[in-house]
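Notes to accompany the following structure.
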Amino acid sequence: MTARVIDGKAFAATIRGKVAGHVARLKADHGITPGLAVVLVGEDPASQVYVRNKGKQTAEAGMASFEHRLDAGTSEADLLALVARLNADPTVHGILVQLPLPGHMNAELVINAIDPAKDVDGFHISNVGLLGTGQKAMVPCTPLGCLMLLRDLHGDLSGMEAVVIGRSNIVGKPMAQLLLGDSCTVTIAHSRTRDLPAVVRRADIVVAAVGRPEMVTGDWIRPGATVIDVGINRIETDGKTRLVGDVDYASAAKVAGAITPVPGGVGPMTIACLLANTVTAACRANRLPEPEGLTA
Ligand code: NDP
């Protein structure tokens with residue numbers, strides 16, 4: 001068997017198109033321009049790239065993009081003051097503080113200072129609780145993107161066996177909650193899981209969010225299973241740097257029914273879902289119907 005390749009890049013473009021359409025309607029019918037504020041503290045090179053891409057794609061979708069670049073030496077109090085200003089600004093519907101923050105700042109404190117209704121990353125403790133109790137939440141972007149890919153592929157996920165490898169607050173745990181919300185039977189595996197290959201072999205759906213290059217090999221995959229590879233790892237081969245996932249694509253693609261490549265799978269969905277969350281936040285703030293197909 002050769003797996004169907006799940007084209008996250010193309011699907012993300014579809015999502016961005018839906019977002020742009022909804023933004024245009026919000027402007028024309030209600031005079032509302034959804035706005036996303038992104039805050040970057042310091043000069044981390046990867047974060048600079050992410051922030052630039054987020055700003056570009058936000059503007060391309062017709063939304064207002066507000067970038068706040070702060071010096072690495074900025075005090076926590078000054079960052080909290082900026083967050084408070086953005087919370088109070090009616091033109092800002094989504095706020096994202098780019099992580100990681102410099103070591104002298106308490107990331108949890110800063111994230112929990114964001115108005116939960118504007119927390120488009122879905123990391124605020126209120127949104128974590130809402131998602132965990134099956135209520136309307138702001139959902140973290142990467143797991144939301146994975147869920148959209150899975151729904152697009154399978155339609156109804158009810159009753160499927162899902163194994164999520166990784167239990168981080170930003171990917172593994174919310175991913176498991178979303179799959180549970182769609183009535184999968186969910187197992188969360190982690191570094192202490194015994195006989196991980198045997199656990200993964202049970203799965204109709206495998207989501208790998210580990211951060212270990214090509215750890216999941218084809219012999220772990222049940223024939224026909226769907227494999228969602230969240231991992232982004234840079235490895236050196238022959239003096240060249242290349243991106244690989246947490247799944248050994250070559251061997252897994254021979255067994256799986258469908259698989260996301262790296263790059264071009266889950267990665268592009270993350271920013272698309274950030275834009276989707278910003279439109280959702282703008283609709284909720286104005287008590288308007290939410291866009292179809294852009295929320296969990
Ligand atoms: P974390 O490091 O926060 O979490 C990794 C998880 O993997 C932990 O729960 C850890 O278990 C588990 N783990 C580590 N080693 C093993 C092992 N040998 N066997 C089983 N489980 C193991 O990572 P993130 O969740 O933040 O990210 C995971 C990956 O996803 C990374 O490659 C990251 O770059 C990528 N990523 C991609 C995004 C995208 O847009 N596509 C967005 C966010 C992340 P334990 O808890 O026991 O330590």
Side-chain angles (χ1 to χ4, degrees), residues 1-19 46 49-50 53-54 56-57 140-155 157 160-166 168 170-172 174-176 178-179 184 189 196-197 200-201 203-276 293:
M1 178 185 286
T2 305
R4 169 175 166 184
V5 181
I6 301 171
D7 188 345
K9 204 171 162 193
F11 195 69
T14 307
I15 298 293
R16 290 198 305 273
K18 278 191 191 173
V19 168
V49 175
Y50 294 143
N53 285 341
K54 284 168 187 169
K56 188 169 160 272
Q57 293 190 28
C141 303
T142 301
L144 178 59
C146 296
L147 183 75
M148 285 184 183
L149 291 174
L150 286 166
R151 283 181 178 167
D152 183 58
L153 186 71
H154 292 289
L157 306 182
M160 294 179 87
E161 285 277 347
V163 173
V164 179
I165 319 173
S168 72
I170 64 167
V171 189
M175 186 73 246
L178 288 171
L179 291 165
C184 292
L196 184 58
V200 173
R201 241 172 253 132
D204 302 311
I205 294 169
V206 181
V207 180
V210 187
R212 293 189 181 263
E214 301 175 324
M215 182 185 84
V216 178
T217 48
D219 56 327
W220 296 22
I221 307 293
R222 177 164 152 178
T226 298
V227 178
I228 304 290
D229 189 354
V230 180
I232 300 177
N233 308 289
R234 282 176 177 79
I235 60 165
E236 292 273 336
T237 32
D238 305 329
K240 284 186 188 155
T241 306
R242 63 186 183 102
L243 281 189
V244 296
D246 292 337
V247 176
D248 175 34
Y249 186 86
S251 63
K254 289 188 185 133
V255 190
I259 186 167
T260 57
V262 176
V266 174
M269 291 298 292
T270 298
I271 298 186
C273 287
L274 174 68
L275 305 183

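Across all their heavy atoms, Cys273 and Met148 have their closest contact at SG-SD, 3.9 Å. What you find for Ala272 and Ala12 is that their closest heavy atoms are CB-O, 3.9 Å. The minimum heavy-atom distance linking Ile259 with Ala253 is given by the pair CD1-N, 4.2 Å. Residues Val266 and Cys146 come closest through the heavy atom pair CG1-SG, 3.8 Å. Shortest non-hydrogen contact noted between Gly8 and Leu149 is CA-CD2, 4.2 Å. The two residues Ala258 and Leu153 come nearest to each other via the heavy atoms CB-CD2, 3.7 Å.
Within the structure, side-chain hydrogen bond (donor to acceptor under 3.5 Å, both in side chains) contacts touching residues 258-275 (residues at least two apart or in different chains) are Thr142-Thr270.
Asn53 contributes atom CG, which lies 11.5 Å from atom CG of Leu274 (distance to the nearest 0.5 angstrom). Separating the CE atom in Met175 from the CD1 atom in Ile165 is a distance of 13.0 Å, to the nearest 0.5 Å. Within the model, atoms NZ of Lys240 and CD1 of Ile235 stand 13.5 Å from one another, a figure rounded to the nearest 0.5 Å. A distance of 10.5 Å separates CZ in Arg242 from CD in Glu236, rounded to the nearest 0.5 Å. Separating the CG atom in Asp219 from the NZ atom in Lys254 is a distance of 11.5 Å, to the nearest 0.5 Å. Separating the CD atom in Gln57 from the CZ atom in Arg16 is a distance of 4.5 Å, to the nearest 0.5 Å.
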Show me the donor-acceptor pairs within less than 3.5 Å that the side chains of residues 203-214 make with the rest of the protein, sequence neighbours left out.
residue, atom, partner, partner atom, Å
Asp204, OD1, Arg222, NH2, 3.4
Asp204, OD2, Glu161, N, 2.8

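A donor-acceptor pair under 3.5 Å is absent between the side-chain atoms of Asp246 and the main chain of Met215, judged by distance alone.
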Problem set entry | Verdict with reasoning, Arg234 to Leu243, per side-chain contact (heavy atoms from CB on, under 4.5 Å) | CA-CA 5 Å; Arg234 282 176 177 79; Leu243 281 189; 3.6 Å; yes
Exercise. Where do Met160 and Leu150 land on the side-chain contact (heavy atoms from CB on, under 4.5 Å) test, with the steps shown first?
Worked result: CA-CA 11 Å; Met160 294 179 87; Leu150 286 166; over 6 Å; no
Exercise. Do Val5 and Tyr249 pass the side-chain contact (heavy atoms from CB on, under 4.5 Å) test, and can you show the C-alpha distance, the side-chain angles, and the key distance before you say yes or no?
Worked result: CA-CA 10 Å; Val5 181; Tyr249 186 86; 3.3 Å; yes
For this session: I would like to know whether Ile228 and Ile6 meet side-chain contact (heavy atoms from CB on, under 4.5 Å); could you show each step before the answer?
Result: CA-CA 9 Å; Ile228 304 290; Ile6 301 171; 4.1 Å; yes
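In this structure, the side chains of Leu147 and Leu157 come closer than 4.5 Å at one or more pairs of heavy atoms.
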